[in-house]
Amino acid sequence: MWLPMLGMTALPHLGGLYGGYVTPFPVVWTCLYTGMGYGSYLVWKELGGFKEDALVPLGLYGLQLALNWTWTPIFFGAHKLKLALMEIILLTGTVGATMVSWYPISRTATLLMAPYLSWLCLATCLNYSIWRDNPEKKEE
C-alpha cells in the first residue's frame, strides 16, 4: 500500500514543477499539492482502486489537476489574463465539485482539499483584479 500512497501523493507535484519555477510560492504549493494528492489516495483506497465507482470522484480530481497545471502557463507564460481568469473560475468550480463528490467517500480527503479551494478563491480574486486593472490593448 505504500507505493500507491506515495505515487498519488507525488502526482500533483509533477505538473507543479513548472509553476514552482515561475512563481514565488513553492512552499504553499508543496503543502497544497501534498494535501490534494494524499486526499486522492484516500478516495482511491476507499473505493477499492480505479473501479466504476471511482470514475466521477477521481475523474473530477484528474480534470481539476489538469486545469491547475494549465493555469500557470496561461497566466504567467502567455500573459493571457482574461483566458486565465476564465480558466481559474472553471478550475475553482471543478475543485468544488471534486470536494462534493469526495465528501460521502472520505470527509478527511474533502477537508484536505479545503486549503486548496481557499487559495484558489484568493487567486481568482487576484486574477480578476489584475485583468480588470490591465485591459488588453486592441489592435488597430
Side-chain angles (χ1 to χ4, degrees):
M1 271 306 186
W2 284 98
L3 190 57
M5 181 189 64
L6 292 175
M8 293 183 85
T9 301
L11 177 64
H13 295 275
L14 296 179
L17 292 175
Y18 174 73
Y21 178 73
V22 298
T23 63
F25 303 110
V27 175
V28 171
W29 280 108
T30 299
C31 295
L32 296 175
Y33 281 143
T34 301
M36 77 170 80
Y38 186 69
S40 73
Y41 164 73
L42 293 175
V43 169
W44 175 83
K45 185 178 89 172
E46 281 297 315
L47 294 175
F50 295 109
K51 299 192 176 176
E52 189 174 343
D53 290 345
L55 182 63
V56 170
L58 293 179
L60 284 169
Y61 172 74
L63 175 60
Q64 72 79 28
L65 199 55
L67 289 168
N68 175 290
W69 292 344
T70 305
W71 182 84
T72 299
I74 294 171
F75 185 85
F76 288 105
H79 302 286
K80 299 291 185 186
L81 304 179
K82 185 177 181 180
L83 180 60
L85 178 60
M86 292 186 292
E87 202 271 0
I88 200 168
I89 290 169
L90 181 61
L91 168 59
T92 303
T94 306
V95 170
T98 301
M99 292 173 70
V100 167
S101 75
W102 284 13
Y103 187 77
I105 302 162
S106 172
R107 291 181 182 169
T108 301
T110 305
L111 291 173
L112 285 168
M113 293 284 277
Y116 175 42
L117 183 61
S118 299
W119 182 264
L120 284 175
C121 289
L122 172 66
T124 301
C125 292
L126 289 171
N127 191 153
Y128 169 75
S129 296
I130 293 167
W131 169 72
R132 181 196 61 208
D133 295 344
N134 296 283
E136 294 178 7
K137 295 177 183 153
K138 295 182 181 174
E139 295 182 29
E140 295 181 22

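Count residues from 1 along the sequence.
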- Query: Does a side-chain heavy-atom distance below 4.5 Å link E87 with N127?
  - Reply: no
- Task: Please tell me if the side chains of V95 and W119 come closer than 4.5 Å, counting only heavy atoms from C-beta onward.
- Result: no
Path from [X] to [Y] over hydrophobic side-chain contacts below 4.5 Å:
| X | Y | result |
| --- | --- | --- |
| M86 | L122 | no |
| W44 | L55 | no |
| F75 | L83 | no |
| L112 | L6 | yes |
| V56 | L42 | no |

- Query: What orientation do W131 and Y128 show, parallel under 30°, tilted 30 to 60°, or perpendicular over 60°?
  - Reply: tilted
- Query: Parallel, tilted or perpendicular for Y61 and W102, by the 30°/60° rule?
  - Reply: tilted
- Query: Between the main-chain N or O of G37 and the side-chain N or O of S40, is there a donor-acceptor pair closer than 3.5 Å?
  - Reply: yes
Atom of [X], atom of [Y] and distance for their closest heavy-atom approach:
| X | Y | result |
| --- | --- | --- |
| P57 | V43 | CB-CG1, 4.1 Å |
| I105 | S101 | CD1-O, 3.4 Å |
| G49 | A54 | O-CB, 3.5 Å |
| L60 | A97 | CD1-O, 3.7 Å |

[atom1] of [X] to [atom2] of [Y]: how many Å apart, nearest 0.5 Å?
| X | Y | atom1 | atom2 | answer |
| --- | --- | --- | --- | --- |
| S129 | L85 | OG | CG | 9.5 Å |
| L91 | L65 | CG | CG | 9.5 Å |
| L117 | L111 | CG | CG | 11.5 Å |
| T108 | Y103 | OG1 | OH | 10.5 Å |
| M113 | Y38 | CE | OH | 15.0 Å |

- For a side-chain contact (heavy atoms from CB on, under 4.5 Å) with L67, tell me which candidate from I88, T92, T94 qualifies. T94
- Message: Show, in sequence, the C-alpha distance, side-chain angles and deciding distance for Y116 and Y33, and conclude whether the side chain to side chain contact (heavy atoms under 4.5 Å, CB included) test is met.
- Response: CA-CA 8 Å; Y116 175 42; Y33 281 143; 5.8 Å; no
- Task: For side chain to side chain contact (heavy atoms under 4.5 Å, CB included), just list the numbers for W29 and N68, CA-CA rounded to whole Å, side-chain angles, deciding distance to a tenth of an Å, and then say yes or no.
- Result: CA-CA 11 Å; W29 280 108; N68 175 290; 3.4 Å; yes
